[in-house]
Amino acid sequence: MEDSGALDRLDRIDGLARLDRRVAQCRACPRLVEWREEVARTKRAAFADWTYWGRPVPGFGPADARLAIIGLAPAAHGGNRTGRMFTGDRSGDVLYQALYDVGLASQPTSVSADDGLELYGVRVTAPVHCAPPANRPTPGERDTCRPWLVQELKLLRPTLKAAVVLGAFGWQAALPAFAEAGWTVPRPRPVFAHGIQVPLDGLDLFGCFHVSQRNTFTGRLTPQMLREVLSTAAEAAGLPQ
């Protein structure tokens, strides 16, 4: 007789795989579809030999993740090129180096979807799955994309114990998604701040400045600040470091 817990995990793996395939086929936002496909055609000179992904980018990480990291949206020449969240751009360089430093990733770099990177108990996703012009999705695009995040959180809920949200946009998008996925979010909704920790029922939510070049180049977010948030969140999630 098969263990029910093992069957449940297999169901979540299958559910996330099916969700990821559906996300990658989405064409719900005309402006984003046009932009991501135009970028994939014209490319950046440095990546002229790449075949760009040019589609919505699904989440990345195991189905039994205890920690979620929620960003903003894929970068035009990062995730939109490689097909994996925070992969192939400077923001990803900072994030995955920090995850590696605190023991949550198998390697410090993320350059392509087939580079062998593994995350340990961590799932990386975003409230908007398409690369937006000027890195700025509209509120309407954010809301149209929210059901994907809600479904992902529902599938992760049996194991998810903590989440780190990168930036105010992600925070504003994530709170209603957590509520729709079944967590009780405080009213009034907590305001984003770096280092903030908000207990939901059975989950700790953390705020962190986004790993954008604007923040990391100016020192608003340092590697040490990022490591501290990730380490605290990993501890709250019960992950070894």
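Starting from 1, each residue takes its place in the sequence as its number.
Among all heavy-atom pairs drawn from P127 and A173, the shortest one is CB-CB, 3.5 Å. Across all their heavy atoms, T144 and A28 have their closest contact at CG2-CB, 3.8 Å. The minimum heavy-atom distance linking P158 with L155 is given by the pair CD-O, 3.4 Å. L32 and A131 get closest at one heavy-atom pair: CD2-O, 4.1 Å. In terms of heavy-atom proximity, G182 sits nearest to D201 at O-OD2, 4.1 Å. Taking all atoms of both residues into account, the shortest heavy-atom contact from A76 to W35 is CB-NE1, 4.3 Å.
Remark: aromatic rings of F169 and H210 are distant, center separation not under 6.0 Å.
Between L200 and T184 there is no side-chain heavy-atom pair separated by less than 4.5 Å. When side chains are defined from C-beta on, R81 does not count as touching T51, because their heavy atoms never get closer than 4.5 Å. In this structure, the side chains of L149 and E180 stay at 4.5 Å or more apart for every pair of heavy atoms. In this structure the side chain of I196 never reaches within 4.5 angstrom of the side chain of V191, judged on heavy atoms. Using a 4.5 Å heavy-atom threshold, the side chains of C130 and V57 count as separate. Counting only heavy atoms from C-beta outward, the side chains of V165 and F192 never approach each other to under 4.5 Å.
For the pair T218 (side chain) and N215 (backbone), a donor-acceptor distance under 3.5 Å is present. Panel note: side chain S106, backbone L117; no donor-acceptor pair is recorded below 3.5 Å.
Separation of atoms CZ (R220) and CE (M225) is listed at 8.5 Å; rounding is to 0.5 Å. Separation of atoms OG1 (T82) and CH2 (W53) is listed at 9.5 Å; rounding is to 0.5 Å. Distance check, rounded to the nearest 0.5 Å: CZ of R146 to CD of Q151 gives 13.5 Å. One finds the CG atom of L104 at 12.5 Å from the CZ atom of R66 (value rounded to the nearest 0.5 Å). Taken from CG in D89 to CD in Q213, the straight-line distance is 7.5 Å, to the nearest 0.5 Å. The distance from atom CG of L230 to atom SG of C208, rounded to the nearest 0.5 Å, is 6.5 Å.
Checking K43, R44, R41, H77 one by one against Y52, the side-chain hydrogen bond (donor to acceptor under 3.5 Å, both in side chains) holds for a single residue, H77. In summary, of the residues considered (T125, V128, V23), a side-chain contact (heavy atoms from CB on, under 4.5 Å) with W148 occurs for V23 alone.
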Worked verdict on T109 versus Y96 for side chain to side chain contact (heavy atoms under 4.5 Å, CB included): CA-CA 6 Å; T109 57; Y96 288 113; over 6 Å; no
Worked verdict on H129 versus R36 for side chain to side chain contact (heavy atoms under 4.5 Å, CB included): CA-CA 11 Å; H129 286 276; R36 78 191 191 210; over 6 Å; no
Stepwise side-chain hydrogen bond (donor to acceptor under 3.5 Å, both in side chains) test for Q25 and R22: CA-CA 5 Å; Q25 295 167 1; R22 290 171 59 210; over 6 Å; no
Criterion side chain to side chain contact (heavy atoms under 4.5 Å, CB included) on L119 and V124, from CA distance to verdict: CA-CA 9 Å; L119 300 183; V124 180; 3.6 Å; yes
Worked verdict on I70 versus L166 for side chain to side chain contact (heavy atoms under 4.5 Å, CB included): CA-CA 6 Å; I70 301 173; L166 302 173; over 6 Å; no
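Of the charged side-chain nitrogens involved, at least one lies within less than 4.0 Å of a carboxylate oxygen, so that E152 and R123 count as a salt-bridged pair. Checked for salt-bridge contact, R31 and E34 miss the test: no charged N lies under 4.0 Å from a carboxylate O. A salt bridge links D115 with R84: the distance from a Lys NZ or Arg NE/NH1/NH2 to an Asp or Glu carboxylate oxygen falls below 4.0 Å. Using a 4.0 Å cut-off between a side-chain N of Lys or Arg and a carboxylate O of Asp or Glu, K161 and E235 do not qualify as a salt bridge.
Judged by the 6.0 Å and 45° rule, R157 forms a cation-pi pair with W183.
When the side chains of ILVMFWY residues are joined at heavy-atom separations under 4.5 Å, either directly or via intervening members, V198 and L156 end up in a single hydrophobic cluster. Placement of L19 and V150 in two distinct hydrophobic clusters is found when ILVMFWY residues are connected by side-chain heavy-atom separations under 4.5 Å, directly or transitively. Under the 4.5 Å side-chain contact rule for hydrophobic residues, I69 and L16 share a cluster. Connection of L99 to Y120 is not established within any shared hydrophobic cluster, with ILVMFWY side chains joined at heavy-atom distances below 4.5 Å, either directly or through further cluster members. Cluster annotation: V164 and L72 are assigned to distinct hydrophobic clusters (Ile/Leu/Val/Met/Phe/Trp/Tyr, side-chain heavy-atom contacts under 4.5 Å, transitive).
For Y100, the OH atom is loosely surrounded, since the number of other residues' heavy atoms within 6.0 Å does not exceed 12. Counting heavy-atom neighbours within 6.0 Å of R214 CZ, excluding the residue itself, gives a total of 12 or less.
A donor atom on one side chain and an acceptor atom on the other are not found under 3.5 Å apart for D93 and Q97. Side chains of T216 and R90: a donor-acceptor N/O pair is absent below 3.5 angstrom, by distance only. Between the side chains of S110 and T87, at least one donor N or O sits under 3.5 Å from an acceptor N or O. A donor-acceptor contact closer than 3.5 angstrom links the side chains of S112 and D114.
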